[in-house]
Every structure is written in structure tokens, then in C-alpha cells.
2 protein chains.
Amino acid sequence: MNLTDFIRRHIPLTPDMLEDLLRVITREETPAHQVLVSPGQYCRKLFFIEEGLIREYYFSMSGKETTYRFNTEGAFVTVADSFLDNQPSRYSLETLEDSVLYSVTLADFEALLRKYPLFEKLQSLIQHQLLLEMKDRITALQFQTAKERYESLLEDQPSIFQRVSLGHIASYLGISQETLSRIRSKK
Amino acid sequence: MNLTDFIRRHIPLTPDMLEDLLRVITREETPAHQVLVSPGQYCRKLFFIEEGLIREYYFSMSGKETTYRFNTEGAFVTVADSFLDNQPSRYSLETLEDSVLYSVTLADFEALLRKYPLFEKLQSLIQHQLLLEMKDRITALQFQTAKERYESLLEDQPSIFQRVSLGHIASYLGISQETLSRIRSKK
DNA sequence: TTCGCTTTTTGACCTTTATCAAATAGGTTG
DNA sequence: CAACCTATTTGATAAAGGTCAAAAAGCGAA
């Protein structure tokens with residue numbers, strides 16, 4: 001999924017807009033298992049995934065690692081709290097596959113928004129999707145069983161199971177790897 | 001906490017802005033245990049709580065009720081997915097105490113944003129706080145124990161325990177009321 | 001103060017999930 | 001193919017939390 005195609009799905013891109021957009025975005029090819037952001041660092045970029053997979057994760061006080069979210073082709077990714085508020089990140093980002101990414105800095109993105117208010121439509125679209133997804137996630141973690149959450153993920157992002165190791169998926173679901181393995185074998 | 005005072009904390013309010021603001025907001029005094037939004041309804045208002053407490057909750061397929069969030073004085077409240085995307089709400093809102101609320105419709109709020117771009121600062125402030133809070137909540141539900149989540153709530157919103165019944169708090173924490181009661185007694 | 005209602009606590013038991021350890025399966029490289 | 005490394009599964013046991021039922025505590029109204 002190409003970034004400009006993606007944008008065109010939601011807003012019409014004039015030649016001027018496209019030119020200014022291309023001026024501020026950077027294309028980068030990143031190998032698998034590359035850490036893009038570590039705890040304490042500033043996440044200064046908003047990424048768009050043209051190809052590949054990025055995992056956002058978190059270290060608990062005990063050093064245990066938990067997957068916060070998987071992002072695949074067509075997704076915008078950043079460590080929101082760090083990027084938006086210019087704070088050191090508590091989360092990490094890493095590629096789990098060879099990836100093709102586009103990135104833009106906050107300043108450039110905001111300049112784009114000011115020059116072409118139409119981009120705000122795109123921004124609010126992304127924000128609203130994110131918000132809805134987070135709400136669903138919270139209610140799921142609150143009252144669904146591990147098996148139900150597993151089945152939801154299987155339905156929503158089936159490809160994840162081919163692309164990501166069980167341990168990462170288990171921590172995303174909030175359960176241990178062994179429990180996930182047992183849920184799977186009973187099907 | 002007064003709405004205009006709240007706003008003044010973050011952005012300077014000119015007399016013009018204030019006048020236009022007052023023109024679009026409605027003050028309402030709502031008794032306790034009043035349902036403001038039910039599933040299937042459209043949530044057309046953004047509320048500001050001057051006084052009182054609003055609970056946002058959710059019915060699972062089995063009819064079980066889960067508290068999604070508590071909101072108190074100084075908070076902006078709405079059913080985000082319904083308000084922003086003009087969809088029927090899957091969540092409910094109810095007052096748990098006699099409350100003094102201010103409300104504004106989406107159209108009026110957007111008109112205000114267009115006329116005074118400074119209000120965007122307020123908007124993004126609210127959105128960012130919400131986002132951060134939701135992220136924390138997700139990671140907490142993912143890998144913290146019930147006791148740890150209880151302790152976090154006790155630290156972040158101690159007054160909730162004086163104001164809300166245990167059942168509501170338990171579902172907010174993702175545990176049964178009995179478990180919460182046992183956690184409390186062991187302290 | 002007592003009755004009735006609601007909320008919270010307690011007890012017994014059961015289910016789910018975590019943890020630790022070991023076995024197995026899969027893949028990669030020499 | 002063999003050796004090695006990593007990921008996944010399996011088994012045994014323990015801990016956490018759920019469920020159901022009943023008791024106790026709070027609280028308002030008569």
C-alpha cells in the first residue's frame with residue numbers, strides 16, 4: 001500500500017499538495033528486527049508502513065516485555081505520547097520484518113496541516129480510528145476471557161499469526177505464551 | 001471547577017471568545033442516577049463537568065455491565081465514537097451524583113474552532129491526555145495484577161472510592177466485586 | 001428503634017491462567 | 001545429514017480470580 005494512494009483514498013491530492021508532501025517525507029528501507037525507538041529516546045517521526053510490520057512494546061518495572069500493538073501495511077505508526085508531546089518515550093518500536101517506511105517530522109506535518117487544512121480530515125480520520133480501537137481494546141481486556149480475545153484477533157488480523165512469534169502475540173493478548181499455545185491446540 | 005476558569009488555565013480568553021463560547025454552551029443541573037446516553041442513541045453533546053460524576057459503561061453480549069471510565073469535576077465527557085463519527089453509541093453515560101454540566105454540540109464546537117484556532121490548543125490538550133490515559137490503561141490491563149491496578153487507582157483517583165460503589169469500581173478494574181473486596185480487606 | 005433495602009464482606013469451591021521445567025518441533029548452517 | 005539454535009508444545013503444580021450463596025454491615029424511612 002503506497003502512501004500517496006492511501007491518502008488519495010480519503011482526500012483529493014492536488015499537484016501542489018503532492019509536491020509539498022513529497023518534499024517532507026522520507027522513504028526508508030529498514031531490515032527486520034531493527035529498533036526504531038528505545039525507552040528514553042524521543043520519537044520524532046510519524047511513520048507510514050508501505051510494507052512490513054512494526055511492533056510497539058513496553059518494559060514493565062520487572063523488565064518483562066509486553067507488546068502494546070502490531071502495525072502492518074497501510075498503518076501510521078509513532079509513539080504517540082512521545083511524538084505529540086515531545087517527551088521521552090516509555091515505549092519501543094521495532095520492525096519484525098524487512099519494512100519500507102515513510103516518515104515525517106511533527107514540525108513538517110504541522111506545516112502541511114496549516115498550508116492545506118484538508119489534511120486535517122486525514123488526521124482526524126487516523127485519530128478517530130485509533131481512539132475507537134483503543135476503546136474496544138480496553139473493554140476487551142476488561143471483561144473478555146483470553147480465548148475470546150484470541151478469537152477476536154484471529155478474526156481481525158489473521159495474518160498476524162503467520163508473521164509474528166507466539167510470545168509477542170501472547171503478551172499482546174495479556175496472557176502467557178503457554179496459555180496461548182494451549183488455546184490454539186484445542187481447536 | 002468552572003468551565004471558563006478551566007479554559008483560561010490553558011489559553012487566554014478574549015471578551016469576544018468568551019461571548020461566543022457562552023452563546024453555544026448550555027448549563028444543565030442533572031440529578032444523580034440519570035442516564036444521559038443509552039446504547040443505540042446518538043451522543044450529540046460534549047459535556048464538561050463543573051460538579052459531579054459521570055460513569056461511562058458498556059453492556060457485554062451476555063448483558064453484563066462494565067464500567068469503562070469515571071469522569072469527575074474538570075473533565076470533558078462524551079461517548080467519543082458516537083459524538084465524533086455520528087454513530088449510534090454502544091456505550092452509556094449516567095450521572096452517579098447530582099451534577100452541574102455544560103454541554104456543546106459538535107457543530108457549535110467546530111464552528112468555534114474555525115473562528116478561534118486557539119481553541120485547537122485546548123482540543124489537542126484534551127485529546128493527548130485521553131490518549132496517554134488510554135495507553136496506560138491498556139498496558140495496565142495487559143500485564144498488571146488486579147492488586148496492582150487497584151493500587152494505581154487508589155493513587156490516581158482516591159476520591160472515587162468514597163463516591164462510587166464497589167461493583168462499579170470492580171468492573172472498571174476488570175475484576176469481580178468479591179475479589180476487590182478481598183484485596184481491600186488485606187490492607 | 002426497627003423494618004426493609006442495598007451494599008459489602010466472607011466462605012467454600014471451582015475454573016482459568018501463570019509458572020517452571022522439560023520435551024518436541026522447526027529451521028539454519030556447516 | 002548432523003549439530004545447533006530458537007520457537008513451540010506439553011506436563012505438573014501453584015496462584016489468582018470467578019461464582020454462588022449466605023452473612024454482615026450500612027442506611028434511610030416509618
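The sequence lines fix the lettering, A, B, ..., with proteins before strands; numbering per chain opens at 1. Excluded from the calculations below are hydrogen atoms, water molecules and symmetry mates; all remaining heavy atoms, backbone and side chain alike, are included.
If you check dT19(D), dA12(D), dT9(C) against the side chain of Ser176(B), the one that comes closest is dT19(D). Closest to the side chain of Ser181(A), from the set dT9(C), dT9(D), dT19(D), is dT9(D). Listed candidates were dT8(D), dA12(D), dG17(D). Nearest to the side chain of Gln177(A) is dT8(D).
Salt bridge annotation for Glu19(A)-Lys115(A): absent, with no cationic side-chain nitrogen under 4.0 angstrom from a carboxylate oxygen. Comment: Asp136(A) engages Arg90(B) in a salt bridge, judged by a side-chain N to carboxylate O separation of less than 4.0 angstrom.
In this entry the distance linking CZ of Arg182(A) with P of dT13(D) reads 13 Å, nearest Å. What separates NZ of Lys186(A) from P of dT15(C) is a distance of 13 Å, to the nearest Å. Atom pair His168(B):NE2 and dT8(C):C1' shows a separation of 14 Å (rounding to whole Å applied). Taking atom CD of Glu178(A) as the reference point, atom P of dA21(C) lies 12 Å away to the nearest angstrom. Between Leu96(A) atom CG and dT6(D) atom P there is a gap of 17 Å when expressed in whole angstrom units. One interatomic measurement links the two molecules: CD of Gln144(B) to P of dT17(C), which rounds to 19 Å at whole-angstrom precision. Summarising the geometry, the separation between CZ on Arg149(B) and P on dG17(D) is reported as 7 Å, rounded to the nearest angstrom. Distance Leu173(A) CG to dT16(C) P: 17 Å, rounded to the nearest Å.
Arg184(B) has a side-chain polar atom (N or O) that falls below the 4.0 Å cut-off from OP1 or OP2 of dT9(C). Under 4.0 angstrom from either OP1 or OP2 of dT17(C) there lies no side-chain N or O belonging to Thr179(A). A close approach under 4.0 Å does not occur between any side-chain nitrogen or oxygen of Ser165(B) and OP1 or OP2 of dT7(C). For Ser185(A) and dT9(D), the shortest distance from a side-chain N or O to OP1 or OP2 is not below 4.0 Å.
Atom CD of Gln157(B) is separated from atom CD of Gln162(B) by 12.0 Å, given to the nearest 0.5 angstrom.
Two rings, from Phe76(A) and Phe47(A), have their centers 6.0 Å or more apart.
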Go through the steps to decide whether Val79(B) and Lys135(A) satisfy the test side chain to side chain contact (heavy atoms under 4.5 Å, CB included), and finish with yes or no. CA-CA 10 Å; Val79(B) 182; Lys135(A) 258 188 111 155; 4.0 Å; yes

